[in-house]
Amino acid sequence: MNYHIMTIKKLAKQIVTASLIILPFFSEAQQIGQEQHFKILKGEQWYGGTVDEGSQAPYQAGYNFDLFRNNNDNQSAPLLLSSSGRYIWSNQPFKFSISKDEVIISDNLDSVTMHTSGKTLADAFNSASHAQFKASGLMPDSLLFASPQYNTWIELVYNQNQTDILKYAHSIIDNGFPPGVLMIDDNWADYYGKFAFRKDRFPDAKQMITELHQMGFKVMVWVSPFISSDTQIFRELNDNRLLIMDSKGDKDLKWQDASKPAIISWWNGYSSCLDFTNPAAQTWYRGQLDSMMSNYGVDGFKFDAGDIEFYTGDILTYQKKNANEQCELWGSMGAYFKLNEYRAMWKRGGQPLAERLRDKKHNWTDLKKLIPNITAAGLLGYQFTCPDMIGGGEYGSFIGLAKYDQDLVVRSAECSALMPMMQFSVAPWRILDKEHLAAVKTAVQIRKKYTPYILQTVKESAKSGEPVIRNLEYVFPGQDLSAIKDQFMLGNRLMVAPVLDKTTTRTIVFPKGKWKGQDGKIFKGPLKATINAAIGELPAFDKID
């Protein structure tokens, strides 16, 4: 081996040069728990933290959020990004607030650093992505993007059964919709922790999945980390100490001395929970999922629950991990399966995980949250995101509902049509009249037209880490577009401006350049224009220069 010998003078010169390069990227560092103030630059806007607060971004004076033990039922990360090319990062959660002149960090569990990496929001994101959550180069199963998805939740709720699932699937085809991924939702098993279809509702689950495959569907099933107590599987897991244990409020109690598992409250009642800090629990769980695939032909899994809030309280785990870290461990399970979906996540940006926005209500207010929240997801590294079920996925908003708002369902479908994924649950052919059903099918056809571009953008994103869906500030910095929350960019070429109110017109802001509408009309930006957009019309514009 030849060694290059440099003089002390030359080495010193290199050190000075390296310092000049490094210093701008590590401008300030914060000690654990020490409140620190970062001055906001002139015109600087801040984004990040958590997806469900995306509709509040860019954050204004008075805003605050605590990332510790809280993810608002959606994805989050210890990352803040600025429109001036700066970002704030920590390996652990922290609390942040925005004043008129400062970003204030407090209650941090690890050191926090401010990095300067350029002059734009895209500069800040790309630097953060490369340094903190580098893209894996992999993507989830392409069928999630290439065709609409169908989830059985709103139609069947807890009455998942073989007869109605097959009826739903046949209705998809019979009504002229293309097959895609079909997700069988909660309550397909006798109890949580038993990974076998219940015989009273699924007399031949393997044959059901074979039939769904023959129709062109791939099949996912709903799973969670919870285990029903008073069952044989619960007793076996408890005997092997694979469950989260109860500390009984004793802060000095060690895991090995804990005598009983914790009982955790969640939306389906009270259950025990697997301890994913224990590698043996991970091995057991993955083995159950593998058996579902081999025994029934299941293609993948919808990983629900796992929210940060469920890992709080009097609990002890095999390895000492905080609530955020345990949510992250739940997120690591999905990487084994190309067909996956998550709603709750912590710090898994850049991974081949399909993420979904939290359940939205059947109303116009929640429809308006889709665009800012999905762009927020991309800025945190969660680029493979689904905008929730068309018409709303929050079942409580449907209880007692005399009738559906048909315009809302159509506009929801149009808003989803050119996002990374498009997911149906409530059956549009059941609740819509002929005109509105045709409009939903038009939205599906628009998606089909742009599917090659969607797949191209997704594949590029898997390599680069860049968001698939981008806000206008990301693509067109310096044009005062940060306040635009009802338009988005699919990649750098296609601008989408869906109608999000009960109206047939909308005002569109065109950035600099030439834009070609679906009807061939050319708009030259910068420009603000009001256009007509009847039910069944999705304003979308290709950038042509």
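Reckoned from all heavy atoms, side chains included, excluding hydrogens, waters and symmetry mates. Residue numbers run from 1 in the order of the sequence given.
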Original post:
What pair of heavy atoms forms the shortest contact from Gln479 to Lys512, and how long is it?
Top reply: OE1-N, 3.1 Å

Subject >> Candidate pair Asp359 and Arg343, rule salt bridge (charged side-chain N to carboxylate O under 4.0 Å, His left out), full reasoning >> reply: CA-CA 9 Å; Asp359 297 0; Arg343 174 189 49 75; 5.1 Å; no

Original post:
With Asp388, which of Lys369, Arg356, Lys360 fulfils side chain to side chain donor-acceptor pair (under 3.5 Å)?
Top reply: Arg356

Min side-chain heavy-atom separation [X]-[Y] under 4.5 Å:
X      : Y      : result
Glu473 : Tyr47  : yes
Pro420 : Ile469 : yes
Met421 : Thr385 : no
Asn74  : Leu357 : yes
Pro178 : Val444 : yes
Leu121 : Asn471 : yes
Gln149 : Cys386 : yes
Leu353 : Pro140 : no

Subject >> Non-neighbouring partners of Lys347 that pass salt bridge (Lys or Arg N to Asp or Glu O under 4.0 Å), sequence neighbours left out >> reply: none

Original post:
Could Arg348 and Phe133 be counted as a cation-pi pair, given that NZ or CZ must be under 6.0 Å from the ring centre and within 45° of the axis?
Top reply: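 Judged by the rule, Arg348 and Phe133 form no cation-pi pair.
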
Original post:
Does NZ or CZ of Arg286 come closer than 6.0 Å to the centre of the six-membered ring of Tyr336, within 45° of the ring's axis?
Top reply: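 Satisfied, under 6.0 Å and within 45°.
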
With a 6.0 Å cut-off on the ring centroids, do [X] and [Y] count as close?
X      : Y      : value
Trp153 : Phe398 : no
Trp46  : Tyr59  : no
Phe510 : Phe541 : yes
Phe226 : Phe310 : yes

**OP:** Find the distance between CG (Asn108) and CG (Leu67) and round it off to the nearest 0.5 Å.
**Re:**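 Asn108 CG to Leu67 CG: 11.0 Å, rounded to 0.5 Å.
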
Original post:
Between Lys516 and Asp542, is a salt bridge (charged side-chain N to carboxylate O under 4.0 Å, His left out) present by the stated rule, with each step listed?
Top reply: CA-CA 5 Å; Lys516 184 178 181 181; Asp542 288 281; over 6 Å; no

**OP:** Determine the sole option in Ile98, Leu80, Thr50, Asp52 for which the side chain to side chain contact (heavy atoms under 4.5 Å, CB included) test with Phe65 is passed.
**Re:** Thr50

**OP:** Applying ring-ring contact (aromatic ring centres under 6.0 Å, His included), name anything that partners Phe424, two or more places apart in sequence or on another chain.
**Re:** Tyr150, Phe177

Original post:
When you look at Asp123 and Arg86, which way does the salt bridge (charged side-chain N to carboxylate O under 4.0 Å, His left out) test go after all the steps?
Top reply: CA-CA 8 Å; Asp123 290 337; Arg86 303 196 294 169; over 6 Å; no

